[in-house]
Amino acid sequence: MGFASAVTRLAITLMIVLGPGMAAAAEILSGFYYGVKDATGASIEIRPDAEGFLGTFFDAQGNSQAFEADRAGEIAEAVLDMDGRTVLMRMAPLPYGAEVTIIPFDAAGNLVIAAGRTLGFVRSGLTLPRPGPDFVVAPRDDRGRITANSFLASYEFWRPTGVRNGYLSLPERFRTVIRLFPAVQLDLIWKLCLAPAADRALAIALRGQGVACGEVIEGIAEAQRSGAFVNYKAEVAGQKATLRMTVRCADFYPESKQNCDRAALELGAQAISLETAGTVLARYR
């Protein structure tokens, strides 16, 4: 186990991770976790020990296998046998449970990153956070139109492909407004970097931001390991609240004049800021 983890540790930082991944040092992997959505029927029991973690993985058919996991910060990394293949399992704690990424090895012992998948698990006794009332499902393609308010209310719950489609479906003027909020722009870039065939979206999103996909993925992974990810997501949430009010006022949603005036002042402050996605990322690495 230790050898496999040491060989693959660098590759892990570049692997596919989804969605709102909110790993934090304050969250400890311990107890019983049950799978949701694509992982329904599976479960994991895990506890920390002096050398990492000990646990048991139960698949949807009722089969089980015990594992020993290395520790990378608060993240557990183990090698399992699954569906006739050897896989790397990486279990990252979330406030409500865990994000489990499964990546198979090929016959030569190399990780097959493109075949990786990420699954959601909820700690026993807890429930998943729910999207807000403005949530919409992710667009299936980029040929339609989506309102900026719906996009901002929903993208954190979508897979990267949905974020790509939604971003390209936004009116250009709102993509320009979003760029004035660099923490939100970075969050979008991170998800676009994980999406397949996202060259067109990335050409728009990365322009003038001082970052490239490799450093964004590595930087966010570093923030997750160090515990800085919680502060990063708090900054994203703060900027997104102002941004949503800005676009709601621009699209004539029923908001008060006081709220719209305050959003306009905050938008003006953002417009003269020298911050970019790159400077935001640098604070959390």
Side-chain angles (χ1 to χ4, degrees), residues 1-23 29 33 35 37-39 42-44 46 48 51-61 63-94 97-121 158-164 189-199 202 211-226 229 281 285:
M1 179 200 51
F3 173 75
S5 178
V7 169
T8 59
R9 186 67 50 82
L10 179 59
I12 291 169
T13 64
L14 300 176
M15 71 185 182
I16 299 175
V17 292
L18 300 180
M22 295 166 61
L29 289 173
Y33 299 76
K37 296 186 179 180
D38 292 348
S43 58
I44 299 172
I46 191 170
E51 298 183 356
F53 297 88
L54 297 176
T56 305
F57 184 93
F58 303 87
D59 67 21
Q61 288 72 48
N63 303 310
S64 66
Q65 57 182 305
F67 62 82
E68 298 178 0
D70 285 341
R71 181 191 292 267
E74 297 304 325
I75 295 170
E77 297 168 357
V79 174
L80 304 177
D81 294 320
M82 189 175 294
D83 299 328
R85 303 181 73 176
T86 300
V87 303
L88 175 71
M89 180 188 79
R90 186 177 190 259
M91 186 172 183
L94 306 178
E99 182 180 77
V100 176
T101 304
I102 304 293
I103 302 181
F105 292 92
D106 63 18
N110 301 309
L111 285 171
V112 185
I113 303 295
R117 56 197 177 111
T118 299
L119 306 171
F121 283 73
W158 295 343
R159 294 179 181 274
T161 299
V163 178
R164 178 201 67 195
I189 289 171
W190 175 39
K191 291 168 174 61
L192 291 173
C193 287
L194 300 172
D199 291 352
L202 284 167
V211 289
C213 275
E215 61 190 301
V216 170
I217 294 173
E218 184 177 357
I220 296 296
E222 185 177 334
Q224 290 174 320
R225 291 193 298 269
S226 70
F229 192 70
L281 181 65
R285 299 191 66 177

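As a basis for the values below, the full set of heavy atoms in this structure was taken, side chains included, without hydrogen atoms, waters or symmetry mates.
Side-chain atoms of Thr161 and Pro196, non-hydrogen and from C-beta on, do get closer than 4.5 Å to each other. Counting heavy atoms from C-beta outward, Cys213 and Leu202 have side chains that approach closer than 4.5 Å. Looking only at side-chain heavy atoms (C-beta outward), Met91 and Tyr33 come within less than 4.5 Å of each other. By the 4.5 Å heavy-atom criterion applied to side chains, Leu111 and Leu88 are counted as neighbours. With a 4.5 Å cut-off on side-chain heavy atoms, Arg117 and Thr101 do not count as touching. Taking 4.5 Å as the limit, some side-chain heavy atom of Met89 sits within range of a side-chain heavy atom of Phe57. Taking 4.5 Å as the limit, every side-chain heavy atom of Val87 sits out of range of all side-chain heavy atoms of Val79. Using a 4.5 Å heavy-atom cutoff, the side chains of Ile44 and Phe58 are not in contact.
With sequence neighbours excluded, the residues satisfying side-chain hydrogen bond (donor to acceptor under 3.5 Å, both in side chains) with Asn63 are Asp59. Looking at residues two or more places apart in sequence or on another chain, you find no side-chain hydrogen bond (donor to acceptor under 3.5 Å, both in side chains) involving Asn110. Evaluation of the salt bridge (charged side-chain N to carboxylate O under 4.0 Å, His left out) rule for Arg285 yields Glu222 as partners, not counting sequence neighbours. Asp106 meets the side-chain hydrogen bond (donor to acceptor under 3.5 Å, both in side chains) test with no other residue; sequence neighbours excluded.
Across all their heavy atoms, Gly120 and Ala39 have their closest contact at O-CB, 3.9 Å. When all heavy atoms are compared, the tightest approach of Phe67 to Ala78 is CD1-CB, 4.0 Å. For the residue pair Arg164 and Leu192, the shortest heavy atom distance occurs at CA-CD2, 3.5 Å.
Judged by distance alone, the side chain of Glu77 and the main-chain N or O of Ala72 form no donor-acceptor pair under 3.5 Å. Remark: the backbone N or O of Glu51 is not paired with any side-chain donor or acceptor of Arg71 at under 3.5 angstrom.
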Checklist entry - Can Leu29 and Phe53 be said to form a side-chain contact (heavy atoms from CB on, under 4.5 Å), step by step? => result CA-CA 8 Å; Leu29 289 173; Phe53 297 88; 3.7 Å; yes
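How far OG1 of Thr118 is from CZ of Arg90: 9.5 Å, rounded to the nearest 0.5 Å. Atom-to-atom distance recorded for Thr86:OG1 and Asp81:CG is 4.5 Å, nearest 0.5 angstrom. Rounding to the nearest 0.5 angstrom, the gap separating the CD atom in Glu218 from the CG atom in Leu281 is 9.5 Å. Atom CG in Leu194 sits 9.5 Å away from atom CD1 in Ile220 (nearest 0.5 Å). From Leu80, atom CG reaches atom CD of Gln65 across 4.5 Å, with rounding to the nearest 0.5 Å.
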